[in-house]
Amino acid sequence: MSTKTNAEIAAAFDELGDLYELDGAVSYRVIAYRTAAKAVRDASVSVMALTRDGRVTELPGIGKTLEEKLHALDETGDIPAAQKLRAKFPAGLIAVMHLPGFGPKRARLLYDELQVDSLEKLREAAEAGQIRTLRGFGAKVEENLLRVLADHDEGGSPAPRILLSRALPVAEQIAGALRDHPAADRVEIAGSLRRLGDTAKDIDIIATASDPAALIDRLRELELVESVHASGDAGARVVTHSGMKVDLKVVAPDQFGNVLQHFTGGKAHNVQLREWAVRRGLHISEYGVLDDETGETTRCATEEGVYERLGLPWIAPELREGRGELEAALKGELPRLVELSDIRGDLHCHTTLSDGRQTAEQMAEAALARGYEYLAITDHSASHGFGDHVTAEALEQRIEEIAALNASLDAIQLLAGTEVNILPDGSLDYPDELLARLDWVIASVHTSFGMDEATMTDRMIRAIEHPYVDAIGHPTGRKIETRPPYAIDMTRVIAAAARTGTMIEINAAPDRRDMNEIHARAAAAAGVKVLIDSDAHSARNFELLRYGIATARRAWLTPEQVANTRPWPEFAALRKRSKGAQ
DNA sequence: GCCGTTTTCGGCCCGACTGTTTTCAGTCG
């Protein structure tokens with residue numbers, strides 16, 4: 001039997017949490033399973049490997065009982081308690097429980113009283129007017145339910161998430177417009193947008209103003225606003241023409257810090273922060289910090305003030321995911337996170353030779369304008385498969401062109417490179433003699449995504465072991481909105497990269513951000529030098545590096561752990577080909 | 001079910017909203 005992935009284990013714990021909830025278990029037990037599921041999902045190493053090593057209880061939220069369940073999952077592929085409860089509750093009941101406005105209590109009552117065990121049965125009961133007869137239910141619930149079920153039928157996606165690169169520029173534009181208003185004092189973006197996650201649900205803005213009504217009016221009148229859904233003394237909710245919800249809250253200056261902290265989240269971070277505070281006799285909310293001893297609530301004008309009141313240093317929003325940041329803050333071990341200004345070169349971009357829009361010279365000039373010290377030109381290789389392939393002969397000619405360009409450009413080092421395809425068997429589609437003549441080789445998978453995990457992982461590791469492969473590009477192949485990652489064991493990939501001195505890229509293209517923050521954190525911890533690359537297909541695309549930086553920061557990466565923060569001579573020596581030569 | 005700068009037992013985040021209620025339960029973020 002194959003080893004369960006962290007995602008599969010997390011799903012098993014979530015399912016068991018749902019089943020226990022239906023079974024009426026004390027809520028804290030249910031919460032414990034959900035917490036454990038998150039800890040597993042966020043773990044940067046294989047949880048099953050930890051289990052076999054007897055070290056899994058080192059993960060926060062995993063104790064003796066869950067350790068036993070992990071052993072069962074490993075040995076039998078299932079958890080006995082889950083099997084028992086699945087026999088007790090039909091699967092359709094869990095779907096009922098997850099409907100908006102419904103939960104375990106309501107689902108259970110419907111099951112016990114009306115034998116509702118599926119969405120179809122639920123609809124029948126609602127249409128027959130049976131639901132309003134139940135205690136705690138009424139006509140309103142029944143009406144809302146029928147509406148929810150109708151949405152469900154139309155494949156109604158509940159509040160689609162928006163890619164960060166679409167939401168953030170809009171949020172920044174709105175925040176900028178508000179800041180420019182004379183009534184504005186402080187204006188900040190909050191929510192998952194401020195934490196720079198892959199996607200956001202909506203745009204949250206927190207502000208203070210000398211004249212709140214005037215600032216709220218300013219928002220309502222912005223050209224990009226399509227409609228106003230709610231508006232009052234304390235804020236407004238509007239929707240943009242592009243369909244994004246925008247929430248503006250105007251608050252008193254002396255509690256701006258509390259509100260910004262509260263609405264920045266994330267959920268797990270805030271829960272942990274509040275639990276931690278309770279143990280010290282403090283209670284945190286968006287309104288302030290209440291001290292049990294004095295009965296007084298402290299309001300904070302700044303976010304720093306909130307953390308300081310708790311005896312903690314300010315924590316960067318990108319770290320606020322409940323992944324150990326409180327413990328690190330307490331010990332004074334928060335990382336100095338990598339910043340855009342630390343980056344000295346880009347090791348992955350395309351030109352008109354393959355599918356890019358600008359020439360190598362234009363790309364070099366754009367990189368120079370960004371202050372880069374080096375740039376690798378990495379067009380697609382011989383079998384790219386989309387009509388943009390670069391033959392071996394063309395690449396040989398390109399090497400000469402780059403040499404000539406380098407002679408004419410003093411301030412930047414150009415690298416003659418390639419983004420070479422990793423073929424299904426793990427071999428590369430240029431001869432070794434040609435790869436040896438290049439300054440830089442990044443290898444990526446662009447075809448045959450459907451193979452099984454072991455085969456795909458072996459394929460990738462064969463490329464990693466190739467002496468002329470300096471780095472692996474977008475290692476899981478995911479496209480956030482359109483394509484899941486192919487099956488690959490990143491634990492093995494990272495181990496192979498660490499062993500061979502192969503770098504792994506964080507591809508900054510905002511629909512990729514691949515590797516993701518979990519893998520990037522694991523890679524750095526394993527000693528892999530991480531790259532942050534734009535994969536630019538035009539000079540303008542260099543701007544997208546900020547999204548790679550965001551992923552790196554969410555992965556807790558320091559400049560030291562990112563290879564392309566180094567000056568050129570140091571970076572040059574870090575390449576596998578340089579090490580091999582010495 | 002987890003966990004300990006009070007605790008190995010007895011706690012376990014905070015507030016808003018909705019719809020049902022006549023003081024609250026359930027759900028949500």
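As a basis for the values below, the full set of heavy atoms in this structure was taken, side chains included, without hydrogen atoms, waters or symmetry mates. Quick note on labels: first sequence line is chain A, next is B, and so on, each numbered from 1.
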A.B. asks: Just how far, in rounded Å, is P of B/dC13 from CG of A/Asp292?
C.D. replies: 13 Å
A.B. asks: Please give the distance between the C1' atoms of B/dC14 and B/dT22 as a whole number of Å.
C.D. replies: 26 Å
A.B. asks: Can the positive tip of A/Lys249 be found less than 6.0 Å from the middle of the six-membered ring of A/Phe263, inside 45° of the ring normal?
C.D. replies: yes
A.B. asks: Judged by modelled atom types alone, do A/Thr476 and A/His474 share a side-chain donor-acceptor pair under 3.5 Å?
C.D. replies: no
A.B. asks: So, A/Arg52 and A/Thr3: side-chain donor and acceptor under 3.5 Å apart, yes or no?
C.D. replies: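 Side chains of A/Arg52 and A/Thr3: pair found under 3.5 Å.
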A.B. asks: Start at the 5' end of DNA chain B and walk down; is the nucleotide closest to A/Lys105 or to A/Leu59 reached first?
C.D. replies: A/Leu59
A.B. asks: Quick one about A/Glu15 and A/Tyr33 (side-chain donor to acceptor, distance below 3.5 Å, no hydrogens or angles considered), yes or no?
C.D. replies: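 The criterion, which ignores hydrogens and geometry beyond distance, is not satisfied for A/Glu15 and A/Tyr33.
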A.B. asks: Looking across every strand, which nucleic acid part, if any, lies under 4.0 Å from A/Ala81 by heavy atom: base, sugar-phosphate, or nothing?
C.D. replies: nothing
A.B. asks: Determine: side-chain N/O of A/Asn144 to OP1/OP2 of B/dG19, distance under 4.0 Å, yes or no.
C.D. replies: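 For B/dG19, OP1/OP2 do have a side-chain N/O of A/Asn144 under 4.0 Å.
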A.B. asks: B/dG1, B/dT20, B/dC14: which one has an atom nearest the side-chain heavy atoms of A/Lys140?
C.D. replies: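 It is B/dT20.
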A.B. asks: Regarding A/His283, tell me which of base, sugar-phosphate or nothing describes its non-hydrogen contacts under 4.0 Å with the strands shown.
C.D. replies: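 Sugar-phosphate: the residue A/His283, judged by heavy atoms under 4.0 Å, touches backbone atoms but no base.
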A.B. asks: For atom P, what is the distance between B/dC13 and B/dG4, given to the nearest Å?
C.D. replies: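 The answer is 14 Å between these two P atoms.
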A.B. asks: For the side chain of A/Val278, counting heavy atoms from C-beta on, which of B/dC2, B/dG19, B/dC14 is nearest?
C.D. replies: B/dC14
A.B. asks: Within less than 4.0 Å of OP1 or OP2 of B/dG15, is there a side-chain N or O belonging to A/Ser285?
C.D. replies: yes
A.B. asks: Compare the minimum distances between each of B/dT27, B/dG1, B/dG19 and the side chain of A/Arg106, then state the nucleotide with the smallest one.
C.D. replies: B/dT27
A.B. asks: Rounded to the Å, how far apart are A/Arg147 CZ and B/dG19 C1'?
C.D. replies: 13 Å
A.B. asks: Rounded to whole Å, how long is the line connecting atom CG of A/Leu145 with atom P of B/dT18?
C.D. replies: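 It is 18 Å, rounded to the nearest whole Å.
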A.B. asks: For the pair made of NE2 in A/His98 and P in B/dG26, what is the distance, rounded to whole Å?
C.D. replies: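 After rounding, the gap between these two atoms is 18 Å.
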A.B. asks: Is the phosphate of B/dG1 approached by A/Thr35 (side-chain N or O, under 4.0 Å from OP1 or OP2)?
C.D. replies: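 Negative; the distance criterion is not met.
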A.B. asks: Can A/Tyr28 be called stacked on B/dC2 when the rule is centres closer than 5.5 Å and an angle between planes below 30°?
C.D. replies: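 By the stated criterion, A/Tyr28 and B/dC2 do not stack.
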A.B. asks: Rounded to whole angstrom units, what separation is found between the CD atom of A/Glu275 and the P atom of B/dG1?
C.D. replies: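 Between P of B/dG1 and CD of A/Glu275: 18 Å.
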A.B. asks: Between A/Tyr287 and B/dC13, does any side-chain N or O lie under 4.0 Å from OP1 or OP2?
C.D. replies: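 A/Tyr287 to B/dC13 OP1/OP2: no side-chain N or O under 4.0 Å.
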A.B. asks: Nearest whole Å is fine: how far is B/dC14 P from A/Gln261 CD?
C.D. replies: 13 Å
A.B. asks: Just how far, in rounded Å, is P of B/dT18 from CD of A/Glu142?
C.D. replies: 20 Å
A.B. asks: Does the side chain of A/Thr264 come under 3.5 Å of the side chain of A/Arg195 through a donor N or O and an acceptor N or O?
C.D. replies: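 Not at all, the side chains of A/Thr264 and A/Arg195 share no donor-acceptor pair under 3.5 Å.
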A.B. asks: From B/dC13, B/dT20, B/dG1, pick the nucleotide closest to the side chain of A/Val26?
C.D. replies: B/dG1
A.B. asks: Once you apply a heavy-atom cut-off of 4.0 Å, does A/Val141 come out as touching a base, just sugar-phosphate, or nothing?
C.D. replies: sugar-phosphate
A.B. asks: Quantified in whole Å, what is the C1' atom distance between nucleotide B/dT6 and nucleotide B/dG11?
C.D. replies: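 So the two C1' atoms sit 11 Å from each other.
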A.B. asks: Could you check whether A/Ile284 gets within reach of a base, just the sugar-phosphate, or nothing at all, counting any heavy atom under 4.0 Å?
C.D. replies: sugar-phosphate
A.B. asks: If you look at every strand shown and take non-hydrogen atoms under 4.0 Å, does A/Leu99 touch a base, only sugar-phosphate, or nothing?
C.D. replies: sugar-phosphate
A.B. asks: Look through every strand shown and name the nucleotide pairing with B/dT8 as Watson-Crick or G-U wobble, where both distances are under 3.5 Å.
C.D. replies: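 The answer is none; no pair meets the criterion.
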A.B. asks: Do the numbers put A/Arg299 on top of the ring of A/Tyr287, so that NZ or CZ is under 6.0 Å from the six-membered ring centre and no more than 45° off the axis?
C.D. replies: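 Cation-pi check for A/Arg299 and A/Tyr287: fails.
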A.B. asks: Under 4.0 Å, counting only non-hydrogen atoms across every strand here, what does A/Leu273 touch: a base, just sugar-phosphate, or nothing?
C.D. replies: nothing
A.B. asks: When rounded to the nearest Å, what value does the distance between C1' atoms of B/dT8 and B/dC2 take?
C.D. replies: 12 Å
A.B. asks: Does A/Arg279 or A/Gly136 map to a spot on DNA chain B nearer the 5' end, using the closest nucleotide for each?
C.D. replies: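 By nearest-heavy-atom nucleotide position, the 5'-most residue is A/Arg279.
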A.B. asks: Indicate yes or no: does A/Lys331 engage A/Glu325 in a salt bridge with an N to O separation below 4.0 Å.
C.D. replies: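 Salt bridge between A/Lys331 and A/Glu325, a charged N being under 4.0 Å from a carboxylate O: no.
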A.B. asks: Could you check how far CG of A/Leu16 sits from P of B/dC2, rounded to whole Å?
C.D. replies: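 One finds 11 Å between P of B/dC2 and CG of A/Leu16, rounded.
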